[in-house]
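As the structure is a computational prediction, the values presented were derived from the model and not from experiment.
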Amino acid sequence: MPRLSEDRTLPLAITNIKLGWSLQNCGACVKDAFDKSTAAHLYVYDDMQLGYSDWIDQEPEFSSKCFHVDNPGSICVALLPLDGRIITAKGIIEGGVCDCLLLTEKEMCFIEFKTNATSTETLRILDNAAKASEQLWHTYNVIIRPRCIDTLKSSEELKLLYVNFHVVFDRELKVTGANSSLMDLQAQFQKDNNHLLFFDYGKTFE
């Protein structure tokens, strides 16, 4: 897909926590890989042909497999496709990398797509959900956070961000956090990591 913005100036959301510098040895340059937009609606998805996450500002036919960004205030949202694009170095991807990161000046939203899953069997869904949650936490806690706290400034800026984690299934499977087993997984994730884990299809950025 064409970029939504040809402006290659890094948003403050990225420069404040020195994310470009922090990920410079992970496989690809953040400045070449990220995109940004102020569109009211954005649809993030895992692009199998590209091999990494992308987005579009018009609702696509495959919207059931998208993470919907509702952006009523037209704030600047940055997309960083992590797995297969920015984070590719062999020694770093061990342990798993989540698909992408959405970043604003107020929050850091990690997303792992399980939209290729087709089984509605409870155990299969729970297995996918558990693996996704591990990838999400490993990406933040082992890959990104340690690199951002290398400098005091980025460490303090990182503490100001609302960090959250999202697992996205195909909407047609009707997999949500209302499932009691998934609620248990969410509760354990929050207990262990002190951050929220969601099973949803989008969120509102403010």
Residues that Asn194 engages under side-chain contact (heavy atoms from CB on, under 4.5 Å), provided they are two or more places apart = none

Donor-acceptor under 3.5 Å (Arg85 side chain, Ser53 main chain) = no

Quick one: are Trp137 and Val142 in side-chain contact, heavy atoms under 4.5 Å?
-> no

Does the side chain of Ile125 come within less than 4.5 Å of Phe199's, by heavy atoms?
-> no

So which pairs with a foot in residues 102-123 pass ring pair (Phe, Tyr, Trp, His ring centres under 6.0 Å), sequence neighbours left out?
-> Phe110-Tyr140, Phe110-Phe165

Does the side chain of Val77 come within less than 4.5 Å of Leu103's, by heavy atoms?
-> no

Ignoring hydrogens and angles, tell me if any N or O in the side chain of Ser37 forms a donor-acceptor pair with the backbone of Leu4 under 3.5 Å.
-> no

Taking salt bridge (Lys or Arg N to Asp or Glu O under 4.0 Å) as the test, write out the residues that go with Lys31, two or more places apart.
-> none

If a pair satisfies ring pair (Phe, Tyr, Trp, His ring centres under 6.0 Å) and one of its residues is in residues 13-41, list it, with sequence neighbours excluded.
-> His41-His68

Using salt bridge (Lys or Arg N to Asp or Glu O under 4.0 Å) as the criterion, list what pairs up with Arg8, not counting sequence neighbours.
-> Asp35

Quick one: are Leu80 and Val30 in side-chain contact, heavy atoms under 4.5 Å?
-> yes

Not counting sequence neighbours, which residues clear ring pair (Phe, Tyr, Trp, His ring centres under 6.0 Å) with Phe62? List them please.
-> Tyr45

Which salt bridge (Lys or Arg N to Asp or Glu O under 4.0 Å) pairs, counting each pair once, include a residue from residues 121-139, with sequence neighbours left out?
-> Asp127-Lys131

Quick one: pull up CE in Met48 and OG1 in Thr115 and give me the separation to the nearest 0.5 Å.
-> 8.0 Å

Keeping to residues at least two apart or across chains, list the salt bridge (Lys or Arg N to Asp or Glu O under 4.0 Å) pairs with something in residues 101-118.
-> Glu107-Lys203, Glu112-Lys114

Supply the members, apart from Phe198, of the Ile/Leu/Val/Met/Phe/Trp/Tyr cluster built from side-chain contacts under 4.5 Å; use none for a lone residue.
-> Tyr162, Leu196

Taken in chain and number order and not counting sequence neighbours, the residues that satisfy side-chain hydrogen bond (donor to acceptor under 3.5 Å, both in side chains) with Ser119 are none

Do you see a donor-acceptor pair shorter than 3.5 Å between the side chains of Ser5 and Asp7?
-> no

Listed partners of Asn116 passing side-chain hydrogen bond (donor to acceptor under 3.5 Å, both in side chains), at least two apart = none

Please confirm whether the backbone N or O of His195 pairs with a side-chain atom of Asn193, one donor and one acceptor, at under 3.5 Å?
-> no

Which heavy atom in Ile17 sits nearest to a heavy atom in Leu158, and how many Å separate them?
-> CG2-N, 3.8 Å

Going by the ring pair (Phe, Tyr, Trp, His ring centres under 6.0 Å) test, which pairs reach into residues 115-136, not counting sequence neighbours?
-> none

